[in-house]
Novice: 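Shown below is the structure under consideration.
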Amino acid sequence: MANETARNIGTVILLGPPGAGKGTQSRQIVERYGVPTISTGDLLREHIARGTELGLAAKGIMARGELVPDELMYGIVATRLREADCKRGFVLDGFPRTAAQAGWLDAFLEKEVFENKTGNGSQAGAAKAAQAGSGESCRCPLVVIQLLVDYNQLLQRLTGRRSCPTCGLLYNIHSQPPRVDGLCDVDGSKLVIRDDDREEVISERLAAYDRQTRLVADYYKAQGRLVAINADRPMAEVTVQIFAVLESRRRQEYVPRSGEVKALK
Ligand code: AP5
């Protein structure tokens with residue numbers, strides 16, 4: 001599937017509160033378009049598992065459900081975005097999460113992707129030049145897809161989430177249970193509950209979203225790049241809405257006007 005439809009989709013940001021389905025939907029985009037997904041939560045959890053300095057700094061913060069300081073995020077995101085597999089575009093899941101991170105991302109993309117079209121010194125620039133040679137659009141505009149979900153539904157999704165530590169597949173005991181209770185359908189691994197999916201941490205994560213990440217929606221709304229969709233629907237229906245946004249953007253038929261939020265409820 002990815003090979004059939006592999007093409008440039010530029011920068012896609014999935015924005016939404018914990019449990020909105022960012023990870024679930026980014027997997028669908030990856031499968032269809034063959035671009036990588038970059039989950040800052042996963043990157044941080046990898047650092048914690050490896051016991052790096054960043055991991056040690058982030059561990060307690062994440063366990064409390066708070067946001068890791070912006071300055072600690074920039075390095076890992078920049079390093080990942082410079083990797084060659086990001087050349088046709090990428091999906092960001094969990095970044096940016098503050099208005100400062102959004103501003104940083106704009107500056108990063110402008111400097112490393114748009115100003116560096118000849119590829120001087122940066123892989124992203126080289127990738128961009130390669131895209132120019134292949135006739136693909138270099139300036140596929142950044143799109144931010146905001147997933148809107150009711151608060152009680154978020155709670156149910158988070159408390160019911162289970163994941164496979166081996167293949168990363170996500171389940172939900174309410175909406176998407178495994179065939180055998182507690183075991184991954186694919187490899188039989190024992191499913192695990194994420195450390196921060198405890199009820200007291202969930203409420204802090206949702207509060208952090210309200211305090212800090214809603215401002216990111218305002219930031220992109222003011223730029224006319226925000227498309228809000230109703231993600232309080234079955235997974236497959238949400239995927240259809242997301243693909244529709246990406247396809248119409250590619251055809252340049254859907255160009256959100258400044259400040260417009262297109263709600264597909
Ligand atoms: P992160 O890992 O990014 O977690 P999150 O944003 O809280 O989001 P989740 O992964 O919990 O939810 P999701 O939206 O991906 O939903 P999912 O698809 O899994 O961040 C963790 C922590 O890292 C943060 O708290 C912070 O400390 C730190 N961090 C990360 N990025 C940072 C940054 N940029 N700056 C600072 N700190 C940062 O789905 C959830 C469940 O619902 C699953 O069980 C799924 O099967 C189910 N589900 C999904 N869609 C549907 C549907 N349509 N219907 C029914 N069920 C569904």
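These values consider heavy atoms only, across backbone and side chains, with no hydrogens, waters or symmetry-generated copies. Order of appearance sets the numbers: ligands from 1, and atoms from 1 within every ligand.
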Novice: Taking only Lys NZ, Arg NE, NH1 and NH2, and the carboxylate oxygens of Asp or Glu, determine whether Arg225 and Asp106 approach each other closer than 4.0 Å.
Specialist: yes
Novice: From atom 10 (O) of ligand 1, work out which of Arg194, Gln156, His174, Lys22 has a heavy atom at the shortest distance.
Specialist: Arg194
Novice: What about Asp196: any of its N or O atoms under 3.5 Å from an N or O on ligand 1?
Specialist: no
Novice: Look at Glu112 together with Arg82 and state whether they make a salt bridge at an N to O cut-off of under 4.0 Å.
Specialist: yes
Novice: So is Leu43 touching ligand 1 or not, going by heavy atoms under 4.0 Å?
Specialist: no
Novice: If you measure every N/O of Gly21 against every N/O of ligand 1, is any gap under 3.5 Å?
Specialist: yes
Novice: Applying side-chain hydrogen bond (donor to acceptor under 3.5 Å, both in side chains) to Thr98 and Asp70, what does each step give before you reach the verdict?
Specialist: CA-CA 8 Å; Thr98 62; Asp70 293 337; 3.1 Å; yes
Novice: Just going by heavy-atom distances, which of Val68, Leu44, Asp70 is nearest to atom 29 (N) of ligand 1?
Specialist: Leu44
Novice: Considering only non-hydrogen protein atoms, determine which one is nearest to atom 30 (C) of ligand 1 and report residue, atom name and distance to 0.1 Å.
Specialist: Arg97 NH1, 3.3 Å
Novice: Is the closest N or O pair between Arg45 and ligand 1 shorter than 3.5 Å?
Specialist: yes
Novice: Measure from atom 9 (P) of ligand 1 to every heavy atom in Met62, Arg161, Glu204 and give the option owning the shortest one.
Specialist: Arg161
Novice: Could you check whether Arg211 pairs with Glu204 (Lys NZ or Arg NE/NH1/NH2 to Asp/Glu carboxylate O, under 4.0 Å)?
Specialist: yes
Novice: Taking non-hydrogen atoms only, is Pro234 closer than 4.0 angstrom to ligand 1 via side chain, backbone, both or neither?
Specialist: backbone
Novice: When you compare ligand 1 with Gln153, is there at least one nitrogen or oxygen pair between them that comes in under 3.5 angstrom?
Specialist: no
Novice: Could you name the option among Ser175, Ala231, Gly94, Ala208 that has the heavy atom nearest to atom 34 (N) of ligand 1?
Specialist: Gly94
Novice: Using the ring pair (Phe, Tyr, Trp, His ring centres under 6.0 Å) criterion, which residues pair with Tyr74? Sequence neighbours excluded.
Specialist: Trp104
Novice: Looking only at protein heavy atoms, identify the closest one to atom 15 (O) of ligand 1 and say how far it is in Å.
Specialist: Gly23 N, 2.9 Å
Novice: Ser39 versus ligand 1: do any nitrogen or oxygen atoms come within less than 3.5 Å of each other?
Specialist: no
Novice: Name all residues meeting the side chain to side chain contact (heavy atoms under 4.5 Å, CB included) criterion together with Asp218; count only those two or more places apart in sequence or in a different chain, and write none if there are none.
Specialist: Leu215
